[in-house]
Student: 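Here it is, the structure, as structure tokens.
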Amino acid sequence: MIAQVVVDVAAKQTDRLFEYLVPHILENDVQVGSRVVVPFGKSRKVQGFVISLVDETDYEGQLKELLMIVDELPPLTPELVDLSAWLSQYIFSYRITILKTMLPSVLRANYRKILVPLVKDDLEVRQLFGEKQEIDLAEIDDQDSTIIASINRLLRVDKIKIEYLVESRAKVKEISEITAVKSSGELRVELEKLRANAHQQQKLLNFLITEPKLPLSQTELEQQLAISGATIKVAADKGWLTRSKAEVYRRPITTQTNKNRNDLVLLPEQVQALEQITTSVNADTATTFLLEGVTGSGKTEVYLHAIANTLDEGKTALMLVPEISLTPQMVRQVQARFGDAVAVLHSGLSEGEKYDEWRRIRRNEAKVVVGARSAIFAPLQNLGLIIIDEEHESSYKQDDTPRYHARDVAFWRSDYNKATLVLGSATPSLESRARASKNVYQLLTLTKRTNQQSLPTVKILDLKEAKFAGEQFDLTQELVDAIKTRVQRKEQTILLLNRRGFSSFMLCRSCGFVLKCPNCDISLTYHKSTNQMKCHYCGHTEAVPTSCPNCHSDEIRFYGTGTQKIEEELGKLIPQARILRMDVDTTRKKGSYERILNAFGRNEADILLGTQMIAKGLDFSNVTLVGVINADTALSFPDFRSAEKTFQLLTQVSGRAGRAALKGSVLVQTYNPEHYAIVLAQSQDYERFYHQEMQVRHQGNYPPYFFTSLISVSSKNEQNAAKEAFIIKRKLMRELNGRVLILGPTPSAVSKIKQHYFYQILVKYKREPELNAFLHEIQDAAQTQKKYGLNIYIDREPDKFM
DNA sequence: AGCACGCCGACT
DNA sequence: GTCGGCGTGCTC
């Protein structure tokens, strides 16, 4: 038998299958998806994954044998093996890179090289090793030339050798478990025989006689009886009980036992949506639904019912949520409904917890998976339903390699499994909403809020006209007064500062004008190195203006405000207010995110001030005011999605006010009070926003009317990167002339990363079946001129352009 | 990627 | 002659 293997060497030239003979003793164990260790090259050993098993080979040379199979159960299901083939082609990534991202990180091999002596009685060998049996090559100081020389000398005369090790980091947690072996009668006899002062052993025997509820973990037993491990060892030696190793799972959250199926009465709209979803699940159709529901319309309840139905059908369900919404409260909600059938996967778990949750899925013990982006690769079998909540969230697209979009993967898995896919959002991405219009997706709408609450009133404050409180031009008097009122009434405020501040674009303080590219209608970004304003899309540059080109005022400034600055200012303006700040800086440590939110939930602060991470999912009944410090920040970003992102953010953050009995209000500060994204967010009118934004996209030839791919060229030598970028552009023009639009090449915003220069080209295309093949060709061709360390990265449907 | 091999100049 | 530096090519 011959195994075709993808080896753990991420490089263009090794991105293919290598064949290995399967030794007879392993023939029964090896399967498609098995993780194996194979010899590779003259001396290396590497990890690999079995893609297929065949009987014949075309290989001319002598095949090597695979060395071992690492796991009992193959980590990859045949579905995931197939998926990796498609996805690697689709997103221009190495197959091994995809395979590794599909699996928990502990399944990545550790490679070590160690020196071992081949002769014992040699002076130089003993000098090198001392007392040690082996030396890890990684621990040798590569500056120390005498040691290096000695090692090389000894290697040449075969007195020592290098051993290549492949180590698995996957550790299974085991506990010691106690089982009784003797009957109560026999134990009573033992009790009689004990010395009178053997109190600990008496305690243990009495327990064993009366409590037959075994097996029990040793730690638990020790705690219950307040006895030590030594006592148990004695007992084991005397043959009263046996100890055995038992595997346990590291569980992230202690599961709540109350399976409260508080079946809320669903509204007619919810029932209708649910019916369509369940019909599709039960009929095994790979239908995609877009569930468009206003905030508070009870999408989650629909999901939970749909999952319950899927389980009843004997199938499994996968639910993706943005990382930020994976709060313990949300997880508990799902666990309360489905108990141990739920596995949770997100970045807050330790490696061990992730591995154990993953194993519960792989062993078909968990039937429901809730997780962030990478959970889309969960090895569920018999998948019946996939849900992507907040489907518009940009966090579903990974922004470094492999640059996959969870939505694309979900679509593939839905098709493969004939499973139903539900995309849910109050503010769907234009791409998804447009597909619903073309009936590629089925549109389901929820227009009514479950608690009959009206949406909070949203007021827009024009920063051009407003009176500012304090010295700075950040907080209007009206906003500060509103906060003061809330503080007095002991109600809470959420204040959103759109992005972490940094001066990257120019805004006129008197008229709100933002300096934009004349070709792209995208705001220009300040490049410090050249002291110029530059467009990220087409490369247009111009000088930094000293006065506003629109109103000629000299109030034009780099824009940027930080949470820290606002916090200080608020402290001065409302000294009695207690402020909690939440941004990248205050949430860097693990668990601090939760700690801040819990503190706010316990009313330990009046104001929660934060970046967009506070816009989603938070549900605090005492919050009656939401303030948006500057709605323009996202709007002015050099991104054709800036209006969409602004609309989504404002809609979402508005949903944070007035969640319970208290009526909420929202104050939005902006320099662009007439901008449609802001006006329509005020009325929470997604549909109108969608239609208007579609026109803008149509005019600018942007998605969803065009597909986009971003080609990045990098090299240590800036000239080479630029040259290659222009060569690629010329090729594209020649081969696909008239059928694609090409922007650039332009140096990327951060044009130098880790000593490498980056140039990028944006390709826009309507339907281009040849493009994919052509881009692969380009990537291959450039790679052959490897002399200058030239690299081509291709990002399909990029979200960030830097 | 990361290994060995081979060719070349520098030093015992 | 021997040692180490770097460019090249291959990995079932």
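Just so you know, these numbers use all the heavy atoms, side chains as well, and skip hydrogens, waters and symmetry mates. Reminder, nothing fancy here: chain letters follow the sequence lines and each chain counts from 1.
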Student: From NZ of A/K100 over to C1' of B/dA1, roughly how many Å is that when rounded to an integer?
Tutor: 10 Å
Student: Given C/dG4, C/dT11, C/dC12, identify the nucleotide with an atom nearest to the side chain of A/Q13.
Tutor: C/dT11
Student: Would you call A/R363-A/E247 a salt bridge at under 4.0 Å N-O?
Tutor: yes
Student: List the steps and the verdict of side chain to side chain contact (heavy atoms under 4.5 Å, CB included) for A/Q398 and A/R403.
Tutor: CA-CA 5 Å; A/Q398 180 152 314; A/R403 299 173 190 273; 5.6 Å; no
Student: Measure centre to centre between the rings of A/F377 and A/Y404, then say whether the value is under 6.0 Å.
Tutor: yes
Student: What pair of heavy atoms forms the shortest contact from A/K12 to A/Q779, and how long is it?
Tutor: NZ-OE1, 3.8 Å
Student: Figure out the CZ/P separation between A/R153 and C/dG4, and round it to whole Å.
Tutor: 7 Å
Student: State whether A/R360 and A/E357 are salt-bridged, where the test is any N-O pair (Lys NZ or Arg NE/NH1/NH2 against Asp/Glu carboxylate O) under 4.0 Å.
Tutor: yes
Student: With a cut-off of less than 4.0 Å, is there a side-chain N or O of A/K113 near OP1 or OP2 of B/dC3?
Tutor: yes
Student: From CZ of A/R156 over to C1' of C/dC3, roughly how many Å is that when rounded to an integer?
Tutor: 7 Å
Student: Would you call A/K100 and A/D8 a salt bridge, taking side-chain N to carboxylate O under 4.0 Å as the test?
Tutor: yes
Student: What's the closest nucleotide to the A/R16 side chain, out of C/dG4, B/dG2, C/dC12?
Tutor: C/dC12
Student: Counting side-chain heavy atoms from C-beta on, which of B/dC3, C/dT11, C/dG4 comes nearest to A/Y59?
Tutor: C/dT11
Student: What's the CZ-P distance between A/R44 and B/dC3, to the nearest Å?
Tutor: 6 Å
Student: Rounded to the nearest Å, what distance is computed from the CD1 atom of residue A/I2 to the C1' atom of nucleotide C/dC12?
Tutor: 10 Å
Student: So that I know where these two stand, are A/F726 and A/Y759 an aromatic pair - ring centroids less than 6.0 Å apart?
Tutor: no
Student: With the sugar-phosphate defined as primed atoms, P, OP1 and OP2, and the base as all remaining atoms, what B/S/- string results for nucleotides 4-12 of chain B, 5' to 3', for protein heavy atoms under 4.0 Å?
Tutor: S--------
Student: Nearest whole angstrom, please: distance from the P of C/dG4 to the CD1 of A/I151.
Tutor: 11 Å
Student: Whole-Å distance between C/dC12 P and A/R95 CZ?
Tutor: 19 Å
Student: Touch check for A/A10, heavy atoms < 4.0 angstrom, all strands: base, sugar-phosphate only, or nothing?
Tutor: sugar-phosphate
Student: Taking CG from A/L137 and P from B/dG2, how many angstroms apart are they, rounded to a whole number?
Tutor: 14 Å
